[in-house]
Amino acid sequence: GVQTCALPISVLGTPEYMSPEILNESGHESAADWWAFGIVLYELATGRPPFTSHDIEQVAEDIRYGEIRMEDYFSPELSSLIQGLTHKNPNARLGNPTKGGVGQIKTHPFFKKIDWGEVYRKEMKPPIIPEKRKGVLTKDEVNQLKLLEQNFQRKTILEPVNLFTEKDEDRSEEHTS
């Protein structure tokens with residue numbers, strides 16, 4: 001007979017990187033990972049994720065319904081890649097196995113200078129090679145680490161955060177009653 005597999009419906013992770021289908025608990029596959037990759041690319045280019053707020057519920061709402069604003073300084077190729085990776089519909093998202101999978105991403109114009117064979121064989125030369133230093137931190141670096149540690153120790157979780165809308169809560173109550 002025909003076997004069917006249920007899609008995972010777990011909600012774990014950093015909210016800013018969750019795809020709409022994870023937040024909607026509609027089940028997700030590898031397309032959710034490609035969404036997160038698009039969010040990471042955006043953050044690498046801007047220094048922040050595209051959806052941010054002190055209110056986690058607002059972040060979830062923005063992910064579901066908001067649009068990612070492409071910065072003026074993004075190349076057309078980067079904008080196209082991020083838009084393709086963060087398409088709200090996972091079936092239309094770059095990397096979807098039914099639409100060409102990872103090959104669709106590897107052949108995207110943003111990666112036109114990448115020789116994937118060199119990457120696979122670990123022969124690709126990195127575009128930036130950090131300067132080698134001895135294992136001694138400067139006084140400024142030590143002070144920055146101390147400040148970071150102090151700030152981290154002051155952080156406390158005051159209350160649990162609800163990532164779901166009232167509609168989601170109503171739906172879950174229907175299943176438990």
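Everything numeric in this text was worked out from a predicted model, so none of it was measured.
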Participant: With sequence neighbours left out, write down each residue that passes salt bridge (Lys or Arg N to Asp or Glu O under 4.0 Å) with E67, or none if nothing qualifies.
Facilitator: none
Participant: Taking side-chain hydrogen bond (donor to acceptor under 3.5 Å, both in side chains) as the test, write out the residues that go with Q58, two or more places apart.
Facilitator: D62
Participant: How would you list, by chain and number, every residue that makes a side-chain contact (heavy atoms from CB on, under 4.5 Å) with D115, sequence neighbours excluded?
Facilitator: E118
Participant: Restricting to non-hydrogen atoms, name the atom on N89 and the atom on N91 that form the minimum distance, rounded to 0.1 Å.
Facilitator: OD1-N, 2.8 Å
Participant: Going by side-chain contact (heavy atoms from CB on, under 4.5 Å), name the residues that satisfy it together with R48, two or more places apart in sequence or in a different chain.
Facilitator: Y42, T46, E71
Participant: Could you tell me which residues satisfy side-chain hydrogen bond (donor to acceptor under 3.5 Å, both in side chains) with S80, sequence neighbours excluded, listed by chain and number?
Facilitator: H108
Participant: Checking S75 now: which residues fulfil side-chain contact (heavy atoms from CB on, under 4.5 Å) with it, not counting sequence neighbours?
Facilitator: E77, L78
Participant: Looking at CG of L94 and OG1 of T86, how far apart are the two atoms once the value is rounded to the nearest 0.5 Å?
Facilitator: 9.0 Å
Participant: What pairs meet the salt bridge (charged side-chain N to carboxylate O under 4.0 Å, His left out) rule with one or both residues in residues 91-101, with sequence neighbours excluded?
Facilitator: E21-R93
Participant: Could you check if a side-chain atom of W116 sits within less than 4.5 angstrom of a side-chain atom of K106, using non-hydrogen atoms only?
Facilitator: yes
Participant: More than 12 heavy atoms of other residues, nucleotides or ligands under 6.0 Å from OH of Y120: yes or no?
Facilitator: no
Participant: Can you name the closest pair of heavy atoms from Q104 and N96 and give their distance?
Facilitator: OE1-N, 4.1 Å
Participant: To the nearest 0.5 angstrom, please state how far the OG atom of S79 sits from the CG atom of L41.
Facilitator: 11.5 Å
Participant: Evaluate M124 against I114 for side-chain contact (heavy atoms from CB on, under 4.5 Å), listing each step before the verdict.
Facilitator: CA-CA 9 Å; M124 184 178 173; I114 301 294; 3.5 Å; yes
Participant: For A45 versus F74, what's the shortest heavy-atom pair and its separation?
Facilitator: CB-CE1, 3.6 Å
Participant: For H87, which residues count as a side-chain hydrogen bond (donor to acceptor under 3.5 Å, both in side chains) partner, sequence neighbours excluded?
Facilitator: none
Participant: Give the minimum heavy-atom separation between T52 and V59, together with the two atoms involved.
Facilitator: C-CG2, 4.0 Å
Participant: Under 3.5 Å, side chain of K88 to main-chain N/O of I63, donor-acceptor pair present?
Facilitator: yes
Participant: Mind checking side-chain hydrogen bond (donor to acceptor under 3.5 Å, both in side chains) for D140 and listing every partner two or more places apart, or none if nothing turns up?
Facilitator: Q144
Participant: What's the separation between atom CZ in F110 and atom CD1 in I105, rounded to the nearest 0.5 Å?
Facilitator: 12.0 Å
Participant: Under 3.5 Å, which donor-acceptor pairs link side chains of residues 32-40 to any protein atom two or more places apart or in another chain?
Facilitator:
unit_1	atom_1	unit_2	atom_2	d
W34	NE1	G95	O	3.4
W35	NE1	M18	O	3.1

